[in-house]
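Down below is the structure, laid out as structure tokens.
Lettering of chains follows the sequences in order, A, B, ..., and the numbering in each one begins at 1. These figures come from a predicted structure and were not determined experimentally.
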Amino acid sequence: MEKIRVRFAPSPTGYLHVGGLRTALYNFLFARRNNGKFILRIEDTDRNRYVEGAVENLISALKWSGLEFDEGPVAGGNFGPYMQSERLDIYQEHVKELIKNGSAYYCFCTPERLEKLKEEQQKQKLPQAKYDKQCLTLSKNEIETNIRNNVPFVIRLNVEPNKKIIFDDIVRGKVEFESNNIDDQVLIKSDGYPTYHLANVVDDHLMQISHVIRGEEWLSSTPKHVILYDAFKWERPTFAHLPLLLNPDRSKLSKRQGDVAVEDYRVKGFLKEALVNFVALLGWNAGDDKEFYNMNELIDSFSLERVNKSGAVFDLEKLNWLNAEHLRRKTQEEILALLKDELKNSEFSHFSFSDEYLVQIISAMKERVSFVKEFITKSPYFFDPPKFYEEAAVQKNWKDDTGSQLKILRDEFAALADPSKEGFEHALASTAEKLGIGKGKLIHPLRLSVSGMSTGPGVFDIVMILGKEETLKRIDTALEKIK
RNA sequence: GGCCCCAUCAUCUAAUGGUUAGGAUAGCGCCCUUUCACGGCGUCAAUACGAGUUCGAAUCUCGUUGGGGUCACCA
């Protein structure tokens, strides 16, 4: 069997798009599953699009997601360089071959003429604007004179008319195009840089890429690539065009309708495991009901044959759920580390808490949070006394005699020799009995006093974690503040 | 508009000629719990439409409709 080599070839736009993450992931999974190599190649042939630090961002986002590449910029490899801007001479050299065999030609047409041509074609209501191959008729002499006189030029692909371009795609099956519908694509721009079409074909061949796995937006330019492979007399790679990731309105996932950068999701507190798991399931499934996957499980069960054809809406609700699932299955130590990081960036960064204390909070809150930061936002009272008391809860649970009853409970707590969860619980029960009232009459005001809120873990867990002293202090404060 | 791709619950999807069309998320309800979650149970909800092929079609074929992608000296 041939050696499996796949690549993820983003252009350095400044961030990693979640659609790009999905493409990279499928490439990565396919490579790992088949003992192949996963290569990162940067497609930076557009000088106008250069973004400072983009490559570094891309690499760090990939790394954060757990997608380690075997060859690429920084990492190196035997097929470099992996930045297309450093391979300009390679493209120049190869395009000469195409000119020699008639598959490509110099074009000296000015942008103005091209513009006029397009206008005319539109006026004639031609189904499609195409270059008219005028420069194909230039003589060798004319071409040489133009070049000597520094007339700007591009090099175009010479598409033969009346041909059927057919290729196989793992996801789509047989795909067919008419060469008459394909424009004489520019291969080398007037600045000497290659266009994507030339560069990706030359590089994929030279880097011995076996499978081209990329988004569906490339499907309609694939015939151009196929023509190039044929013109070079190179073997074509196997193609697999992945379904698009969609906005809720089913258009291509875009910035305008929400977050699209992996970085955005990281900052929002999503776990990389959840994001990877989620994105893997957008367009692929193993054929069973399994939805929770870690990376190794994905590698074990992934196959291109089971990739869907139709686009998938990026549904935040399900990502939220998956994040909670992944969080709950983490060990206490893992969550502790994450929580400490989160605390450093929170309003409580200047306080310090012992690991034992934080671990207790984790076990009390674990089933109640979907995100690590919610340990803080949903139970701030573990980190600082309540600053205010939830108005609706005060209305509902703080009656005229509540203050005096709570005062009695407070004194019972103060006298407690055993400030354990059970100790508090027994004290409250006997106080309620003594007063001849239901336990709820004490439980709800107690919760409100120590937490300021009406929701959260069991009250006895809260007071146990807070400890006797702190609990008494908070009850006293509440007694004063709530009348 | 030309070309190409696609079409199962709101969403992600399973079912590759024979299922009461299954699961998950979200929603709703009940149970558990003097809170909130978790969990459990239940419920709502889909084969776009029309022809064919076949004993039998979500599944194969054709058409219609709808959606998307792409038509640069961007990738």
Side-chain angles (χ1 to χ4, degrees), chain A residues 9-13 43-49 84 107 109 111 114 118 122 125-130 152-156 169 171-173 175-178 180-183 185-197 199-200 214-223 241 243-244 246-252 278 281-292 308-322 324-325 328 364-370 374 378-379 393 396-397 438-444 446-448 451 453-459 462:
Chain A
S11 67
T13 53
E43 312 247 331
D44 57 346
T45 54
D46 185 355
R47 293 152 105 188
N48 302 322
R49 273 216 197 175
Q84 290 187 327
C107 173
C109 290
L114 262 18
K118 198 186 239 176
Q122 270 166 4
K125 293 237 160 72
L126 253 46
Q128 182 196 12
K130 269 170 67 183
F153 65 86
V154 301
I155 296 173
R156 287 182 182 275
D169 186 286
V171 177
R172 325 249 149 211
V175 185
E176 221 174 304
F177 289 82
E178 228 34 84
N180 291 349
N181 293 318
I182 301 168
D183 198 7
Q185 183 66 47
V186 171
L187 263 20
I188 298 278
K189 302 178 236 180
S190 55
D191 63 5
Y193 277 59
T195 57
Y196 169 83
H197 305 286
N200 110 86
R214 73 217 320 183
E216 196 197 328
E217 67 264 36
W218 296 110
L219 193 60
S220 44
S221 48
T222 303
H241 286 93
L244 260 18
L246 273 25
N247 291 311
D249 71 356
R250 303 206 76 88
S251 57
K252 189 161 101 171
F278 173 65
L281 258 15
L282 251 28
W284 171 85
N285 79 84
D288 52 27
D289 289 338
K290 188 172 164 66
E291 303 219 69
F292 184 93
N308 290 139
K309 296 176 201 295
S310 50
V313 172
F314 192 94
D315 177 22
L316 262 180
E317 294 289 357
K318 195 145 187 174
L319 175 56
N320 287 336
W321 168 75
L322 220 33
E325 289 292 301
R328 288 197 195 101
M365 290 298 293
K366 197 173 177 180
E367 304 301 322
R368 281 163 247 269
V369 300
S370 297
E374 288 178 345
K378 284 195 165 180
S379 54
K396 189 174 174 206
N397 297 313
K439 286 191 283 185
K441 285 261 191 275
L442 292 173
I443 287 175
H444 298 297
L446 174 60
R447 169 187 297 285
L448 191 56
S451 75
M453 305 181 135
S454 60
T455 63
V459 233
I462 298 179

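- Under the ring pair (Phe, Tyr, Trp, His ring centres under 6.0 Å) criterion, A/Phe278 pairs with A/Phe314, not counting sequence neighbours.
- Residues satisfying the side chain to side chain donor-acceptor pair (under 3.5 Å) test with A/Glu217, not counting sequence neighbours, are none.
- Figure legend. B/A57 is base-paired to no nucleotide; pairs are counted as Watson-Crick or G-U wobble with both atom distances under 3.5 Å.
- Taking the six-membered ring for Trp and the full ring otherwise, A/Trp321 and A/Phe292 have centroids separated by 6.0 Å or more.
- You won't find any donor-acceptor pair under 3.5 Å spanning the side chain of A/Arg368 and the base of B/C38, going by distance alone.
- Between B/U13 and A/Asn285, no contact under 4.0 Å exists linking OP1 or OP2 to a side-chain N or O.
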Q. Which nucleotides of nucleotides 18-32 of chain B have their base under 4.0 Å from a protein heavy atom (B), which only their sugar-phosphate (S), and which neither (-), written as one string 5' to 3'?
A. ----BSBSS------
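- For A/Arg368, there are no salt bridge (charged side-chain N to carboxylate O under 4.0 Å, His left out) partners, not counting sequence neighbours.
- For the side chain to side chain contact (heavy atoms under 4.5 Å, CB included) test, residues two or more places apart in sequence or in another chain that qualify with A/Ala364 are A/Pro457, A/Ile465.
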With the criterion being N/O to N/O and under 3.5 Å, what pairs connect the protein with nucleotides 43-46 of chain B, and how long is each?
none

Q.
Counting primed atoms plus P, OP1 and OP2 as sugar-phosphate and everything else as base, spell out the protein contacts along nucleotides 62-75 of chain B at 4.0 Å heavy-atom distance: B, S or - for each nucleotide, 5' to 3'.
A. ------SSSSSBBB
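- Using N1 to N3 plus N6-O4 or O6-N4 for Watson-Crick, or N1-O2 and O6-N3 for G-U wobble, each under 3.5 Å, B/G42 pairs with B/C28.
- Base pairing of B/G63: its partner is B/C49, meeting the Watson-Crick or G-U wobble criterion (both donor-acceptor distances under 3.5 Å).
- A/Asp183 pairs by the salt bridge (charged side-chain N to carboxylate O under 4.0 Å, His left out) definition with nothing, not counting sequence neighbours.
- Side-chain atoms of A/Ser310 and A/Asn308 include no donor-acceptor pair closer than 3.5 Å.
- For the ring pair (Phe, Tyr, Trp, His ring centres under 6.0 Å) test, residues two or more places apart in sequence or in another chain that qualify with A/Phe153 are A/Tyr106, A/Phe108.
- Summarising the base pairing, B/U8 is matched to no nucleotide, lacking a Watson-Crick or G-U wobble pair whose two defining distances lie under 3.5 Å.
- A/Lys290 meets the salt bridge (charged side-chain N to carboxylate O under 4.0 Å, His left out) test with A/Glu297; sequence neighbours excluded.
- Residues meeting the salt bridge (charged side-chain N to carboxylate O under 4.0 Å, His left out) test with A/Arg250, sequence neighbours left out: none.
- The pairing partner recorded for B/C71 is B/G1, the criterion being a Watson-Crick or G-U wobble arrangement whose two distances lie under 3.5 angstrom.
- Every residue meeting the side chain to side chain contact (heavy atoms under 4.5 Å, CB included) condition with A/Asp315, not counting sequence neighbours, appears here in chain and number order: A/Glu317, A/Lys318.
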